[in-house]
Amino acid sequence: MSRDINSKYWDEELETMPREELEKRQLADLKEIVKFAYDNAPYYKRSFDEAGVKPDDIQTLSDIQKFPFINKKTQRDTQGVGSFLGELAAVPEEDVVFISTSSGSTGVPTMSPFTKRDFDEFQDTESRWFWQVGMRPNDRYVHALNFSLYVGGPDVIGAQNLGALCIWGGTLPSERLLFILKTYQPTIIWTSPSYAWQLGEKALKQGIDPKKDLNIKKIIVAGELGGSIDATRKAIEDLWGAEVYDFYGLSDIFGACAAMCEAKDGLHIAENHILVETVDIHTGEVLKPGEVGELVFTTLRKHARPLIRFRTGDIGWIDNTPCSCGRTHGRIHINGRKDDMFIVSAVNVFPSDIEAVIRELSGITGEYLIRVFEKDFTCKYSVEIEKNEDNPKTDAEVADEVSAALKARIGVKPYNVVVHPDGGLDTRSEHKSRRIIDERKLDFSI
């Protein structure tokens, strides 16, 4: 299929489909996948029967609310049970052509299997996102993501299918990656937001000006919230002289499930593949579009391991109002991970709230570390930051400035602010950066 390189859409019919038609298509796929899961995955047969629901109960999209949730624990408990793929799988192993695994950062790594059709549709979606941010066949693209069992690794195939020249960089040392960027002059790179910032800093320290000596026009970021935090995104854009676009993915489903468009007002989610709900984190009650809660996804077309009402652990909301780019698929906004949120003086605090403040302040490097702890049987937090070498203010003055800014933005100030010299924090990483340390022993679960 030939495409007009001047078209803003990879698949204009799909991307601009009227909501009524899109939801009609979702309903047809939902009916099929729920029945397929019930007929072929032992876990769904058992859980649906126990809940007193059956596939024929799906007559409208809202009928999915009758069905039970699953989560990461469900995946872990069923993985390897009865077969290598486990009780959530709905196809035999011989139909599976690829598996990825989660990082296991919050427990046992969980695998995500794909049939050939699953994988091909996954890559077509990646091509759609790449096209959406402006990638074209004449671009040179560096895929600086982990290839070792990580679901984001194969996303590079979506760029190749689009026709771009692809450099499979992987997780190279910074010096080697900078050599590639300077030698081959690629125009687009994908990495994490923290590493995009750190790589730009390292380039400057090596006498390489990212704006003048390199040719990066667009930076895709994922894996952390920074790309959707205006202050972080602008800081990276100013450092590189490039446009930054945020992508969102789940190892449980596939690489990038959602991506920014030129409007940068949330991330369009592939609603032809995913039915989105938002639920109250305490009660599971379904919320209206626009209300903040835990995002719940139902895969509409993934057959190797369907996910019916999967609680993602991500806190955010969905916006189904028209986007200025002309695309009709809803946009998700992510506030943070449920696991990372903490409550101080009855205020919900996300690390992303703190990052937004830190990245806007002058005189500090933008690096930070949050410590959450208990004192006098209440939850407190402290923030560690780095002061720029040329900052004339005392450490105490910098700490007071940061504390006041956090109080103004979040509503609760930190217990204290610890000021380090530039480079004094061990937060720089060539992958995801560790930003929060929870030292609590009491149960502060939400």
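Being a predicted model, the structure only gives us computed values, none of them experimental.
The residues Arg233 and Asp230 are annotated as salt-bridged, a charged nitrogen and a carboxylate oxygen being separated by less than 4.0 angstrom. A salt bridge links Lys72 to Asp252: at least one charged side-chain nitrogen sits closer than 4.0 Å to a carboxylate oxygen. Under a 4.0 Å N-O distance rule, the pair Asp422/Lys387 does not qualify as a salt bridge. Salt-bridge annotation for Glu374 and Lys380: absent, with no side-chain N of the basic residue lying under 4.0 Å from a carboxylate O of the acidic one. Ionic pairing of Glu367 and Arg435 is present here: one or more N-O contacts between side-chain nitrogen and carboxylate oxygen are shorter than 4.0 angstrom. Ion pair Asp213/Lys182 not flagged as a salt bridge, since none of the NZ, NE, NH1 or NH2 atoms sits closer than 4.0 Å to an Asp/Glu carboxylate oxygen. A salt bridge does not link Lys218 with Glu237: none of the charged nitrogens is closer than 4.0 Å to a carboxylate oxygen. The residues Glu23 and Arg19 are annotated as salt-bridged, a charged nitrogen and a carboxylate oxygen being separated by less than 4.0 angstrom. Salt bridge absent: Lys302 and Asp118 never bring a charged side-chain N and a carboxylate O closer than 4.0 Å. Salt bridge annotation for Asp353-Arg409: absent, with no cationic side-chain nitrogen under 4.0 angstrom from a carboxylate oxygen. By the 4.0 Å N-to-carboxylate-O rule, Arg327 lies close enough to Glu262 to be salt-bridged with it.
The cationic group of Arg309 does not satisfy the cation-pi geometry with Phe67, failing either the under 6.0 Å distance to the six-membered ring centre or the 45° limit from the ring axis.
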Next item on the list: Go through the steps to decide whether Thr110 and Thr101 satisfy the test side chain to side chain contact (heavy atoms under 4.5 Å, CB included), and finish with yes or no.
Entry: CA-CA 5 Å; Thr110 55; Thr101 69; over 6 Å; no

Next item on the list: Report the C-alpha distance between Glu243 and Ile219 in whole Å, list the side-chain angles of each, state the deciding distance to 0.1 Å, and finish with yes or no for side chain to side chain contact (heavy atoms under 4.5 Å, CB included).
Entry: CA-CA 6 Å; Glu243 288 286 318; Ile219 301 173; over 6 Å; no

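Between Gln132 and Cys261, the shortest heavy-atom contact is NE2-N, 3.6 Å. In this structure, Lys211 and Leu239 approach most closely via the heavy-atom pair CG-O, 3.8 Å.
In this structure the side chain of His329 reaches within 4.5 angstrom of the side chain of Arg128, judged on heavy atoms. When side chains are defined from C-beta on, Phe98 counts as touching Pro154, because their heavy atoms get closer than 4.5 Å.
In terms of the salt bridge (Lys or Arg N to Asp or Glu O under 4.0 Å) criterion, residue partners of Lys393 (sequence neighbours excluded) are, by chain and number, Glu401.
Note: Leu61 CG to Lys24 NZ = 12.5 Å, rounded to the nearest 0.5 Å.
Ring geometry for Phe373 versus Tyr415: interplanar angle over 60°, hence perpendicular rather than tilted (30 to 60°).
Applying the side chain to side chain donor-acceptor pair (under 3.5 Å) test to pairs two or more places apart or on separate chains, those with a residue in residues 154-163 are Gln160-Trp168.
At distances below 3.5 Å, not a single donor-acceptor pair connects side-chain atoms of Arg371 with backbone N or O atoms of Ile437.
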